[in-house]
Amino acid sequence: MTAEDCPAPPRSLYVHLPFCRRRCAYCDFAIAVSGPDLQDRYLDALLGELHSVSRSAAAVEPLQTVHLGGGTPSLLGPERLERLIEAVAAGFSLAEGCEVTLEANPEEVTPAVAREWARIGITRASLGIQSLSDPTLRWLGRGHDAELGLSALGWLRESGIPQVSCDLIFAIPGQSTAAFLDGLDRVLRLQPDHLSCYELTLEPGTTTRRLVDSGRYPPVAEAVALEQLRSARARLLAAGLIRYEVSNYSRPGCESRHNLNYWRGGTYLALGAGAHGFLGRPAASALGLPEGGGVGVRYWHYRDAATYVRVLGQGSSGIRDSEELDDSQLRLERLALGLRLTEGVEVAGAQLLAASRRLAAHGWLEVEGERVRATPEGMEILDRLTLELIAA
Amino acid sequence: MGTPTARIRNFSIIAHIDHGKSTLADRLLEATGTVAPREMTEQVLDTMDLERERGITIKAQAVRMPYRAADGLDYELNLIDTPGHVDFAYEVSRALAACEGALLVVDASQGIEAQTLANVYKAMELNLEIVPVINKIDLPQAEPERVAEEVESVIGIPRERCLLVSARTGQGVAAVLEAVVTQLPAPVGDDNLPLRALIFDCKYDAYRGVVVYVRVFEGRLGAGTQIRMMAGQGTFTVDEVGCFRPGMEEVPELAAGEVGYLIASIRNVRDSKVGDTITEAQRPATRALPGYRQASPMVWAGLFPVDSDDYPDLKEALDRLQLNDAALVFEPETSAALGFGFRCGFLGLLHMEIVQERLEREFDLELITTAPSVAYRVNLRDGQQIEIDNPDQLPDPSQVISIEEPRVKLEVVTPREYLGGIMELCQERRGEFRHLEYQVGDRALLTYDLPLGEIIHDFYDQLKSRSRGYASMDYELAGYRAEQLVKLDVLVAGNSVDALSTIVHRGQAQGQGKRLVRRMKEVIPRQLFEVALQAAVGGKVVARETIPALRKDVLAKCYGGDITRKRKLLEKQREGKQRMKRVGSVEIPQEAFMAVLTIDR
């Protein structure tokens, strides 16, 4: 890695809003099930952190993307959201055409709320539909039903928010391939700009994991999961979407720019409980993160919302810890992240290129100059291909 | 001058793991003032980390305790601590042979356990006087009466002779010392006869050379004595004799009946063989003490460094272990699959595990161990006979007339009720019944003739499980016999892997092949390609399994927060991958090379 590759100043901001009505059965994220009281105190703390970060030298470039993630950011209600977005816009400068994404659950969406979101400057809504089968939604512990999911998607489309995305999950124990594909078709009829289509991961400690481990629900066979992945991909492509990442599809030009920045190894600021940020050395120093020999720094906040509020009240930055990355760790991350993208990643070094060509000979990768990208077949075993390359 | 022979007592302690042998030994050391209370560490006698951790004794120890008895006279008590596993059965028997008596320590709530019984029988064979000690009587669940009754019915010692003790609190310890003096016989032996001293252990000391643990039966041993090993033939001049209190302490001489050590510029533990008799070079005894047995390796396995750069370190580590371990032998070996390593000979599997563990722990080496094998004799068409301890060395079948395998005389001592199950086990392992003898109490002595190769893997564990732990075994080599033996090869993706070959009986080849490839399928992770696993005899495939190609391996979600976690996972996976051995395009984890050990029969 040369000096020019040294991570650039951040142009993206992630804001974590951890509140949820309940914890979904498959979720292991940093969330807080709580009432409006903590929400207000949290927002105050968050704005406090925002002010000090935005005044620091870490925030020199106009922001290209802002992502309000959760949790359930839509729970905050339009007034609080407006306050937050105004504070972001006042503290940082937003670039022309800045992407401002809001993660939303169908339960909070009404035609009026959706129009409010458009008015306060949300440019992209990401809707957690997850499934269009009511028993499956219940099994996942979601609070909405299929009808509300579809309605919410329709209202968002009509609200004036420029881009609408939604999430669907496959490989769910108990759901047939036919039921999953039927749901996918119903979503596609509403022509979302973007669709994230994930395989369910049974994270340790989650209810779904326990249900499967205890034998009460049979795990989804690998062949079934693969069939769902392949069929979904075929339908999404047929609907005119492109696959730009392992699990993400979009109309051309409607990719999540915020997430693309992650996968391309870009830097980003983070605010809020449990939020992770990534900065080059100069920006990290500006935030007061410890000095070392590293080129890039990953940092993260206190995960628990109440703790986060408390430490900010005591004058802390809210940052729990950080790690410095040296060149080789940065290269490893860039390779692992970049391979997830259909555009692939530039690799350096004869050994890595030779290993890439060996895998390309089997149809898993394509090599063009120094750019390596995974084929659709390769995407299915991407983690192993990545391991082959990093161990080369 | 030394203590009169009549006031010497040589004894050992026989006990099951956790029944309190070490604690009782500690209390005796304290009560006799041999070790001051402030110098006490737990398990004074178990000096190796491995011994303290596993609660087992690997090397024998001997400590001399001065004791003024109730009769007002001063006695010299020599406690000889013994190792406790079948791999070291011979060492145990020599340590017991150095004694006139033994304390049998039994847990007051557990009763007599198998391992204990085995050593009790051994002690009885050697005519040792046994004093039963029921320990841990302070515990609420203690049932000393029931245990005393068990001692009487199983071993035949009257229940009223059992001493009741709590080594933890010290209760009854004084009575133990008195019993050692009053119940155990003094040694008999003439100081004026030609020297005969039994070697019951030795250790290598970096500064002083080999320290030989001896029990003098006849004659005298002192600095300047010219000694000769009666079996080993070497001649040395004694520099120093002494005893352990518990540290080494020089004394002017060791007379008949005494236990201690000698140092004589012996540079190699091989020159001081356990069980050998030391005599005077000038005035040799005519007959050696009975019971000497050449300690020879029974089991052979390849040890290879995971990282081939560690080869020189492995050699140095083995050299250093060998200084203190006469039973360990090794020579360089090359494997197409595993690179450069060493073929090592061991007394048994526990010995192998201990060596492996010490290499990894004390020398920080990462090793791959291949499946253990015995040594075969191969008769060739050209009239030669060669000995091979590595299946891969077996010549092409066209050159071979016959293969002979080593056999053992196996003796099992067991309570009668388990005889049926044990005989069944022996039959399954191609054993031939020789003899059955009912002995005092409830026990039976069963003798079988079996192939050594059938008992090295899991026979001991099976014996224990089929006798609920009560049977004990011992074996010695009993010649070779030609059998229908074949080499079972394992092919991974069509490539024969030398380090996975084993020699098996023809009748078992298919079954063993099936179990082996099935087990390997479990331990070899799925690869990018389908991998065929085959077991073959002379090029003919007898079993086959297929590891299907990896079809799906991709994390669905990967956003900002997950990246540190993902990178750490990748770094860990890379490390694991780099430790695997490549055969052709297939990556094989270390445990696959030991698959043969972990298959269920």
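Per chain, numbering begins at 1; letters A, B, ... match sequence-line order. In this text the structure is predicted, and so the values were computed from the model without any measurement.
Put simply, of F29(A), W364(A), Y198(A), W263(A), the one with the most heavy-atom pairs under 4.5 Å next to chain B is Y198(A). Counting heavy-atom pairs closer than 4.5 Å to chain B, the top residue among L337(A), N261(A), L229(A) is L337(A). Interface remark: of the candidates N259(A), T201(A), V246(A), N259(A) forms the most heavy-atom pairs closer than 4.5 Å to chain B. When E587(B), Q527(B), Q578(B), R526(B) are compared by the number of non-hydrogen pairs under 4.5 Å with chain A, R526(B) comes out ahead.
For I381(A) against L528(B), the heavy-atom pair with the smallest separation is CD1-CD2, 3.4 Å. What you find for R567(B) and L325(A) is that their closest heavy atoms are NH1-CD2, 2.9 Å. In terms of heavy atoms, L555(B) sits closest to D383(A) at N-OD2, 2.9 Å. When all heavy atoms of R574(B) and L387(A) are compared, the pair lying nearest together is N-CD1, 3.5 Å. For R340(A) against A556(B), the heavy-atom pair with the smallest separation is NH2-O, 3.0 Å.
Only the side chain of N248(A) comes within less than 4.5 Å of a heavy atom in chain B; its backbone stays farther off. Contact annotation for L385(A): only side-chain heavy atoms (C-beta onward) come within less than 4.5 Å of a heavy atom of chain B. The contact between H362(A) and chain B is made entirely by side chain atoms (from C-beta outward), counting heavy-atom distances below 4.5 Å. Residue E199(A) touches chain B through both its backbone and its side chain, counting heavy-atom pairs closer than 4.5 Å. Within the 4.5 angstrom heavy-atom criterion, no atom of A171(A) approaches chain B.
Counting non-hydrogen atoms of other residues, nucleotides and ligands closer than 6.0 Å to CD of E203(A) gives a total above 12. Surrounding NZ of K521(B) are more than 12 heavy atoms belonging to other residues, nucleotides or ligands, all under 6.0 Å away. Within a 6.0 Å sphere centred on CG of D364(B), other residues, nucleotides and ligands contribute 12 heavy atoms or fewer. Crowding of R257(A) atom CZ: a count of heavy atoms from other residues, nucleotides or ligands under 6.0 Å exceeding 12. Residue-environment remark: CZ (R320(B)) stays at or below the threshold of 12 foreign heavy atoms within 6.0 Å. Environment of OH in Y311(B): crowded, with over 12 heavy atoms of neighbouring residues, nucleotides or ligands closer than 6.0 Å.
In this structure, F278(A) CZ and I563(B) CD1 are separated by 8.0 Å, a value rounded to the nearest 0.5 Å. Rounded to the nearest 0.5 angstrom, C558(B) SG and L382(A) CG are separated by 10.0 Å.
Looking at W300(A), its side chain never comes within 3.5 Å of a backbone N or O of T564(B) through a donor-acceptor pair. Looking at R384(A), its side chain never comes within 3.5 Å of a backbone N or O of K552(B) through a donor-acceptor pair.
Taking the side chain as every heavy atom from C-beta outward, K568(B) and Q329(A) never approach each other to under 4.5 Å. By the 4.5 Å heavy-atom criterion applied to side chains, L332(A) and E571(B) are counted as neighbours. For the pair Q573(B)/I390(A), no side-chain contact is recorded, criterion being any heavy-atom separation below 4.5 Å from C-beta on.
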**Verdict with supporting geometry, D553(B) and E380(A), side-chain contact (heavy atoms from CB on, under 4.5 Å)** = CA-CA 6 Å; D553(B) 181 11; E380(A) 293 171 359; over 6 Å; no
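Under the 4.0 Å criterion applied to side-chain N and carboxylate O atoms, E377(A) and R551(B) are not assigned as salt-bridge partners. Using a 4.0 Å cut-off between charged side-chain N and carboxylate O, K557(B) and E245(A) make no salt bridge. Ion pairing of K566(B) with E333(A) is absent here, as no side-chain N (NZ or NE/NH1/NH2) approaches a carboxylate O to less than 4.0 Å.
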